[in-house]
Amino acid sequence: MRVYDVSFRAKTEGAEEYVSVGDEWIVYSTDNSEAIKAVCGSYPSRWDGMRCDELTPILESGLFRLWEKRGRRFPFATTGYGSVEETIVFLSRVLDGCTRYPHAFVVVRIE
């Protein structure tokens, strides 16, 4: 199974290098990435390099759509079915990071 790892990088004014901000990498299976594309309009891999304040409205909109589907499963996951609840947790964690660090940049790596 491959996963998306999402984190945030920022630098303070006058600093030369970016540093990681936030607690840890946020992990989500790429097997269920179609669910995110369906509600957010793009795969998480497209978020790499975006500023958090640009991603925030996309995440909010996606979460709103997911709340309407609670209790269901996504039939298009490549291995089994991904749950709406798992996707809500992932997007909520990314949104929380973006809210705490609105001027940070999103880092996405696929492993």
Side-chain angles (χ1 to χ4, degrees):
M1 172 178 67
R2 297 183 69 186
V3 297
Y4 290 110
D5 292 325
V6 179
S7 69
F8 309 96
R9 296 187 56 80
K11 64 179 177 178
T12 59
E13 191 172 322
E16 293 184 23
E17 294 184 25
Y18 285 88
V19 296
S20 294
V21 294
D23 300 332
E24 59 191 45
W25 289 92
I26 303 166
V27 180
Y28 187 77
S29 171
T30 59
D31 292 344
N32 298 325
S33 60
E34 290 295 329
I36 294 174
K37 184 178 182 205
V39 297
C40 292
S42 65
Y43 297 108
S45 57
R46 300 292 304 222
W47 305 343
D48 189 55
M50 285 183 76
R51 274 182 44 143
C52 284
D53 57 358
E54 296 171 334
L55 184 56
T56 294
I58 295 167
L59 296 170
E60 290 172 339
S61 176
L63 280 164
F64 178 78
R65 289 185 185 119
L66 283 173
W67 278 107
E68 296 174 333
K69 300 177 186 304
R70 277 187 323 265
R72 300 182 193 165
R73 299 194 71 72
F74 290 110
F76 42 71
T78 57
T79 57
Y81 292 4
S83 75
V84 171
E85 286 77 13
E86 291 168 348
T87 308
I88 287 172
V89 169
F90 171 73
L91 292 179
S92 295
R93 290 187 66 204
V94 176
L95 178 60
D96 180 58
C98 284
T99 301
R100 287 189 294 155
Y101 309 105
H103 300 293
F105 290 88
V106 177
V107 178
V108 180
R109 66 182 187 197
I110 300 174
E111 294 192 8

Closest heavy-atom pair and its distance - P44, I36 = CG-CD1, 3.6 Å
Write down the atom of M50, the atom of I58, and the distance for their closest heavy-atom approach.
-> CE-CD1, 4.0 Å
Whether the side chain of [X] engages the backbone of [Y] through a donor-acceptor N/O pair (distance < 3.5 Å, no angle test) should be reported.
| X | Y | value |
| --- | --- | --- |
| R65 | V39 | yes |
| T56 | C52 | yes |
| S33 | Y43 | no |

Nearest 0.5 Å, please: how far is [atom2] in [Y] from [atom1] in [X]?
| X | Y | atom1 | atom2 | result |
| --- | --- | --- | --- | --- |
| Y101 | D96 | OH | CG | 8.5 Å |
| L63 | L91 | CG | CG | 5.0 Å |
| L59 | W47 | CG | CH2 | 5.0 Å |
| E60 | S92 | CD | OG | 10.5 Å |
| S45 | K37 | OG | NZ | 10.0 Å |

Excluding sequence neighbours, so at least two apart, what forms ring-ring contact (aromatic ring centres under 6.0 Å, His included) with F105?
-> Y18
Examine V6 and V89 and state if one hydrophobic cluster contains both, with Ile, Leu, Val, Met, Phe, Trp and Tyr joined whenever side-chain heavy atoms are less than 4.5 Å apart.
-> no
Shared ILVMFWY cluster between V106 and V21, side chains joined below 4.5 angstrom?
-> yes
Are [X] and [Y] close enough that some pair of their side-chain heavy atoms sits under 4.5 Å apart?
| X | Y | value |
| --- | --- | --- |
| Y28 | T87 | yes |
| V94 | F8 | yes |
| V107 | D48 | yes |

Would you please name every residue forming a salt bridge (charged side-chain N to carboxylate O under 4.0 Å, His left out) with R109, sequence neighbours left out?
-> D5, E111
Flag yes if more than 12 heavy atoms outside R46 fall under 6.0 Å of its CZ atom; otherwise flag no.
-> no
